[in-house]
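Single-structure report; data block below.
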Amino acid sequence: MINLNWQNVIDSNGITITLIGMLIVFSGLLLISTFIIILPHALAVFDRVVAGRQPQPVSAKVTSNDPTEQEIMAAISLVVHMELERCGGDFQRITMKRRAPTGTFWNSTGTTRSLSNRSPHA
Amino acid sequence: MINLNWQNVIDSNGITITLIGMLIVFSGLLLISTFIIILPHALAVFDRVVAGRQPQPVSAKVTSNDPTEQEIMAAISLVVHMELERCGGDFQRITMKRRAPTGTFWNSTGTTRSLSNRSPHA
Amino acid sequence: MINLNWQNVIDSNGITITLIGMLIVFSGLLLISTFIIILPHALAVFDRVVAGRQPQPVSAKVTSNDPTEQEIMAAISLVVHMELERCGGDFQRITMKRRAPTGTFWNSTGTTRSLSNRSPHA
Amino acid sequence: METLHQFIAGTGFMALTWGNAIMIVIGIVFITLAIVKDYEPLLLVPIGFGILVGNIPPVAGMAISVYDEGSVLSYIYFGVSEGIFPPLIFLGIGAMTDFSAMLSNPKLVLLGAAAQVGIFLTLIGALALGFDPQEAGAIGIIGGADGPTAIFLSAKLAPHLLGSIAIAAYSYMALVPVIQPPIMKLLTTRKERLIRMTAPRTVTKRERIIFPIGAFLICGMIAPGSMVLIGMLLFGNILKESLVTDRLANTARNAMIDIVTILLGISVGASTSADHFLTPQSILIFALGAISFCIATAGGILFAKFMNLFLKDKINPLVGAAGVSAVPDAARVVHTVGQKEDPTNFLLMHAMAPNVAGVIGSAIGAGILWTVLVK
Amino acid sequence: METLHQFIAGTGFMALTWGNAIMIVIGIVFITLAIVKDYEPLLLVPIGFGILVGNIPPVAGMAISVYDEGSVLSYIYFGVSEGIFPPLIFLGIGAMTDFSAMLSNPKLVLLGAAAQVGIFLTLIGALALGFDPQEAGAIGIIGGADGPTAIFLSAKLAPHLLGSIAIAAYSYMALVPVIQPPIMKLLTTRKERLIRMTAPRTVTKRERIIFPIGAFLICGMIAPGSMVLIGMLLFGNILKESLVTDRLANTARNAMIDIVTILLGISVGASTSADHFLTPQSILIFALGAISFCIATAGGILFAKFMNLFLKDKINPLVGAAGVSAVPDAARVVHTVGQKEDPTNFLLMHAMAPNVAGVIGSAIGAGILWTVLVK
Amino acid sequence: METLHQFIAGTGFMALTWGNAIMIVIGIVFITLAIVKDYEPLLLVPIGFGILVGNIPPVAGMAISVYDEGSVLSYIYFGVSEGIFPPLIFLGIGAMTDFSAMLSNPKLVLLGAAAQVGIFLTLIGALALGFDPQEAGAIGIIGGADGPTAIFLSAKLAPHLLGSIAIAAYSYMALVPVIQPPIMKLLTTRKERLIRMTAPRTVTKRERIIFPIGAFLICGMIAPGSMVLIGMLLFGNILKESLVTDRLANTARNAMIDIVTILLGISVGASTSADHFLTPQSILIFALGAISFCIATAGGILFAKFMNLFLKDKINPLVGAAGVSAVPDAARVVHTVGQKEDPTNFLLMHAMAPNVAGVIGSAIGAGILWTVLVK
Ligand code: NA
Ligand code: NA
Ligand code: NA
């Protein structure tokens with residue numbers, strides 16, 4: 001039969017490891033949880049401080065006054081996103097701050113080809 | 001001139017290696033050939049055993065009674081397949097048992113993003 | 001304060017390395033520059049030699065007489081190219097000498113599947 | 001004649017042991033389950049085929065198996081035995097994971113901590129069964145319900161058990177839809193299973209970008225041993241969420257994770273040659289693994305019920321079961337079980353929060369065990 | 001002054017040997033053939049450019065070439081010299097190969113065995129020319145008409161000949177459309193070339209899934225030395241055919257095989273520095289390679305004619321020539337030669353069966369040679 | 001109790017130094033700049049996150065950091081410290097670079113040579129500040145304005161400075177739009193900035209295919225030390241231009257370069273632990289790096305003005321500033337500055353010629369320094 005050897009548990013600090021281990025796992029996720037709770041408030045404070053220094057960002061308010069439009073945007077982008085996913089999931093996501101494919105170092109060098117194609121030297 | 005040294009062939013068991021080698025290559029592919037021949041019959045037996053235990057799968061018969069439809073399906077899927085291949089060959093194949101992109105572990109985690117997008121929290 | 005130690009520059013051949021280094025960098029790019037300048041002329045000579053051996057390539061002349069058509073072609077291919085790029089940049093370029101996807105070793109083996117699909121054995 | 005003899009000695013027919021035959025059948029079962037039942041096919045097909053490869057009897061003098069120095073499989077297995085592949089897989093997972101559910105449900109994060117009790121109680125069980133501390137730690141991590149984490153910690157603490165632990169972890173992860181529902185029903189009342197949870201709050205893009213940095217610093221400080229795994233997970237996530245490194249995130253969650261998954265699967269499978277795998281230890285490991293999954297599930301559920309004693313907005317305790325990790329299967333099981341009681345109750349989004357928190361939780365757990373038990 | 005001297009000694013102009021110049025011309029010829037004639041460009045362009053890289057004269061004291069310890073190219077070449085790249089290429093090939101043609105034409109499989117006679121007769125020839133057994137085995141495998149298999153076996157048996165053998169194998173594979181047709185016409189009558197074969201039977205999805213498992217067990221048992229190559233080939237195939245691991249198959253046959261092909265091509269090319277490559281041995285290897293391709297082609301054709309003595313449904317003996325591997329060029333050559341006699345006779349599908357069987361056949365052959373000849 | 005003590009000693013809170021805290025802030029600044037200002041995000045996000053990873057305080061006895069033998073990060077860092085990643089990145093860059101602009105503007109190529117004066121004058125400066133020759137060479141290459149080249153040469157000449165040099169190089173490359181415009185305005189008159197250049201001539205497909213072969217042979221002969229970098233760059237380019245190896249070029253410029261960029265970025269970042277990075281040397285290196293960028297920019301502009309003394313078709317001297325490499329940011333800066341004077345003057349295409357020539361120029365420079373200074 002299977003023989004349970006509790007002495008080995010004690011000798012190996014099994015109980016201590018368990019207690020400390022669970023303590024730390026909880027501490028870690030509790031800290032993350034707290035961080036997540038604080039984060040939006042901290043960002044709001046940050047925004048207020050920044051806004052205090054700068055002229056009122058009117059346009060920003062207008063957008064946030066109209067959640068329906070946002071949701072429509074979200075719905076459209078979701079559909080587009082899923083369509084792209086369906087085609088193999090290898091597409092870039094459509095980003096808010098959409099940078100032309102030329103935006104990054106690598107892409108740009110690639111695109112200089114297109115640029116040169118545009119001239120009559122192809 | 002090039003000097004053929006048959007003693008080296010004999011000393012190195014060249015003839016034996018050749019005979020045994022060809023024997024094994026043939027045995028291997030003969031076994032595979034036999035396996036391929038037996039396989040559909042074995043599957044048929046397996047199906048009959050399984051079918052004996054379960055109620056008659058009527059619908060299955062209906063489908064197999066209509067090969068034209070199958071061929072049309074095959075033709076369509078071929079065209080789709082080739083279209084996809086044409087676009088760079090990087091697409092997933094359209095599978096019979098098409099699992100939603102969420103089906104697998106990796107894909108699903110990716111798609112949880114879409115799910116959260118669907119909620120108004122974007 | 002920062003202490004400039006010119007003796008270290010001299011001991012380490014700093015001046016020599018700089019002079020020789022710049023000399024070689026310039027030589028290298030000068031040779032490349034010369035190569036680029038000569039290349040089209042060399043190709044023209046090569047073409048004349050080859051053409052001298054073969055019957056007049058009439059069609060080639062006709063095409064080069066009509067640059068507008070070429071430019072239209074170039075414009076179209078640019079648009080197609082950019083459209084493809086837009087979809088993630090993962091597409092194959094449309095090549096002049098367009099080889100069927102079967103053209104290469106790897107692609108072909110992949111395509112034998114399509115071939116077998118075409119038969120009614122799918 | 002000598003050549004013929006040398007050859008016949010070299011075929012597998014002579015050398016095939018019963019153990020090999022059993023393992024080959026197990027490999028075929030894995031592949032069959034993956035294809036027919038769709039259980040974690042991306043891992044069970046490679047591992048299953050790897051089991052076949054690892055159980056063709058070896059030929060003396062040829063370097064073929066993962067344990068033979070200089071063999072091709074040994075080079076591939078290097079990524080497993082040195083723990084290189086798991087962080088790379090975490091990188092890809094990070095680049096496809098959306099932490100929004102967690103960001104909008106911070107209190108549910110604790111459920112992902114509670115479920116890790118499976119790790120530590122299994123450790124105690126393994127010690128009681130006579131395993132040495134390093135082995136017990138590696139076995140305990142099966143309760144983390146996270147394949148890459150299990151492989152990483154086994155590679156560091158008990159490389160000789162790596163095959164058994166990896167296969168136990170992936171087997172039970174595949175079996176989550178079978179293991180969890182009975183426990184969930186046993187530990188909850190119908191009334192609890194009907195609890196509807198309030199819609200979570202909006203998460204902004206900025207929060208999603210800042211989260212991986214903050215979470216990494218917290219985890220790295222509190223359990224540096226978890227740094228490599230969690231670092232890669234959250235690095236992948238910031239590649240995704242920053243929106244300016246899309247092409248890197250894309251490659252990380254496609255080509256890169258696929259290549260690593262193929263190489264990890266086939267070589268982990270190939271490491272299970274019968275003489276290494278069919279041992280009494282393996283049977284104990286599988287038994288402990290099953291228990292640890294049950295404890296983890298129970299831990300999450302019971303902690304949710306405990307939290308409900310203090311909360312006004314009650315948590316549906318089913319959601320606690322998702323804390324075991326096994327993303328996203330555990331969350332889906334929660335959703336399915338919940339819908340059996342009330343088809344209009346959508347628990348999936350809520351269950352994703354403890355589910356991804358469970359991944360972080362088990363990586364922290366692994367980090368602690370590595371720190372405390374490393375020799 | 002010393003620095004200037006040191007530099008001038010470091011330029012290549014001084015050190016360029018006639019051998020290097022010849023090799024550079026060969027490299028340019030390879031690239032030109034690949035681009036202009038479209039001969040195996042995916043391999044000849046990388047190898048050709050690698051030849052250029054390998055024949056820029058080295059500078060004493062700098063680690064640049066594939067043979068210098070610690071150089072970048074030596075790390076890339078490691079995947080060649082340890083035989084790691086060929087199985088990974090086979091993985092990708094498996095993930096793109098459709099074995100349906102073979103499954104529906106089981107008797108044609110034997111033609112893929114007959115063509116391997118080229119391997120063993122070349123071995124005898126190499127022994128007669130004074131090569132030692134390991135070298136002779138590695139040279140013989142050129143007759144297998146399969147690049148990755150040739151590199152794998154050379155790496156195991158005769159690493160010092162690897163460059164010559166790899167380049168001979170790929171050169172002749174590129175030249176299959178030139179080498180095979182005369183032999184095919186010589187050994188067949190017009191009447192034979194006109195034979196039409198019956199349409200093959202239907203292959204089900206289940207058969208395509210079960211085949212790689214069964215075929216792997218057979219090959220692994222009968223020739224364990226072929227396990228790594230055939231294992232990876234059929235592993236890739238089950239990733240493709242199982243339909244549940246599509247994303248892995250996709251990466252294996254795209255990003256993964258491309259990366260490995262690039263690294264293999266450039267480093268094999270770079271290993272052909274004139275002092276390693278321009279040897280009398282290389283000339284013998286190229287001569288033996290040409291002969292072995294001819295023998296293999298003849299072997300397949302003659303065996304088809306032999307089988308016809310016993311068969312009611314006659315085989316078009318041209319199809320036998322596809323048994324040499326060189327997928328899919330050999331099958332296309334068969335189709336083209338057949339259509340010259342009768343434009344309505346479609347032999348391609350029939351030729352694919354011995355063609356893929358030939359890949360398995362030469363991998364078995366390589367496994368046998370490795371087992372028997374390994375030191 | 002001992003276990004608790006062992007654990008607390010293992011957390012990072014105790015061991016966090018001021019240096020670590022400063023580095024963590026720097027890492028966060030990098031990530032913020034990349035996301036908010038869009039400065040080279042593909043490199044600054046990975047490096048920035050890597051800096052976080054590298055500055056979580058280590059635990060004694062655990063192999064975690066890039067400097068601990070056997071750690072996961074050390075295996076990834078191997079590709080940096082042995083100089084393997086930079087050539088692979090050059091392969092991908094070659095597969096996306098179009099040399100047409102350079103082929104149609106051969107005289108502008110010389111501007112790409114002139115800008116390399118930044119490398120050598122910085123070398124002199126570093127020597128004067130007391131660095132030894134190897135260190136000075138590695139620092140000088142920052143003036144090449146090319147990240148992979150800087151990492152490659154540092155790995156070969158001064159591995160202990162690699163982190164500082166890499167981060168200085170990438171920082172200043174990201175800051176090119178800030179650093180260059182003032183210098184450009186200072187050194188040119190408004191009249192010069194208004195110069196319009198004639199449209200470049202047509203480049204044929206054949207020229208684009210032959211160019212990488214010829215250019216490689218020239219560079220390889222004249223500076224064999226540059227062979228690996230330039231060889232890979234031009235190998236990638238022929239894969240692209242040959243049109244018959246499209247699938248390889250595609251993988252090289254997507255999956256392959258992305259994977260290498262991720263691994264390079266995170267491990268270079270992780271190598272900057274405070275004790276290795278926060279040294280007086282690093283401050284000198286950053287100062288020298290800033291100077292070298294300015295010298296390089298000035299060198300290109302002044303040489304363009306010098307060439308104008310002899311040319312009939314004048315060069316717009318702004319174009320000279322693009323000779324520093326930093327593709328394509330430097331060319332864009334030229335274009336932007338030019339358009340500020342005359343919105344109808346399109347300099348981008350003209351600026352691309354010295355820009356890509358600058359990449360070759362700095363690789364030649366690195367090759368020379370490696371040859372002359374290697375121990
Ligand atoms: Na977990
Ligand atoms: Na063959
Ligand atoms: Na430069």
Side-chain angles (χ1 to χ4, degrees), chain B residues 2-44 46-47 64 67 70-71 74 85 88-99 101 103-107 110, chain E residues 102-110 112-114 116-117 119-121 123-133 136-137 201-207 210-211 214-215 218-219 221-223 226 240 243-247 249-250 253-254 284 287 357 360-362 364-365 367-369 372-373:
Chain B
I2 291 170
N3 210 342
L4 291 183
N5 174 1
W6 295 108
Q7 194 54 44
N8 191 29
V9 179
I10 292 157
D11 292 350
S12 311
N13 289 316
I15 310 295
T16 325
I17 293 174
T18 297
L19 292 178
I20 297 176
M22 282 309 287
L23 179 71
I24 298 167
V25 171
F26 264 102
S27 321
L29 287 175
L30 197 61
L31 279 173
I32 288 178
S33 180
T34 314
F35 170 66
I36 294 171
I37 293 170
I38 292 171
L39 183 57
H41 303 287
L43 285 171
F46 172 81
D47 284 346
S64 58
Q70 274 194 337
E71 280 184 37
E85 283 278 317
D90 232 352
F91 288 101
Q92 306 270 41
R93 202 145 22 90
I94 288 173
T95 63
M96 287 169 60
K97 182 191 177 189
R98 182 64 185 167
R99 310 180 313 140
T104 65
F105 172 64
W106 320 111
N107 274 342
Chain E
M102 192 171 136
L103 289 171
S104 60
N105 277 308
K107 71 186 176 213
L108 297 183
V109 166
L110 294 181
Q116 309 317 319
V117 72
I119 296 176
F120 295 99
L121 293 188
L123 165 92
I124 290 179
L127 288 171
L129 287 170
F131 286 97
D132 72 33
R201 71 167 188 84
T202 303
V203 177
T204 65
K205 191 187 131 205
R206 268 196 309 181
E207 288 173 68
I210 295 170
F211 164 73
I218 291 169
C219 295
M221 289 294 180
I222 214 164
S226 69
K240 166 175 176 278
L243 303 183
V244 291
T245 50
D246 245 7
R247 64 173 288 159
N250 215 22
R253 71 176 158 243
N254 287 296
L284 288 179
I360 296 178
S362 31
I364 295 179
I368 297 162
L369 292 175
V372 175
L373 297 174

[X] versus chain B, the contacting section by heavy-atom distance below 4.5 Å:
X	result
E/A136	neither
E/I119	neither
E/L103	both

Do you know the tightest heavy-atom contact between [X] and [Y]?
X	Y	value
E/A114	B/M22	O-CE, 3.9 Å
E/N250	E/N254	O-ND2, 2.9 Å
B/W6	E/I124	CZ3-CG2, 3.8 Å
E/S226	E/I364	CB-CA, 3.8 Å

Between E/A128, E/P106, E/A357, the one whose heavy-atom pairs under 4.5 Å with chain B are most numerous: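 Most pairs with chain B among the choices: E/A128.
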Which one of E/G214, E/G367, E/G365 has the most heavy-atom pairs closer than 4.5 Å to chain B?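 Option with the greatest count: E/G214.
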Which one, B/L19, B/I36, B/D11, leads in non-hydrogen pairs under 4.5 Å with chain E?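 Ranked by contacts with chain E, first place is B/I36.
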Given a strict heavy-atom distance threshold of 4.5 Å, which part of B/F35 is in contact with chain E: side chain, backbone, both, or neither? side chain
Check for a donor-acceptor pair, side chain of B/N8 on one end and backbone N or O of E/F131 on the other, with a separation under 3.5 Å. yes
Under the side-chain contact (heavy atoms from CB on, under 4.5 Å) test against B/L29, which residue among E/I218, E/I360, E/I222 passes? E/I360
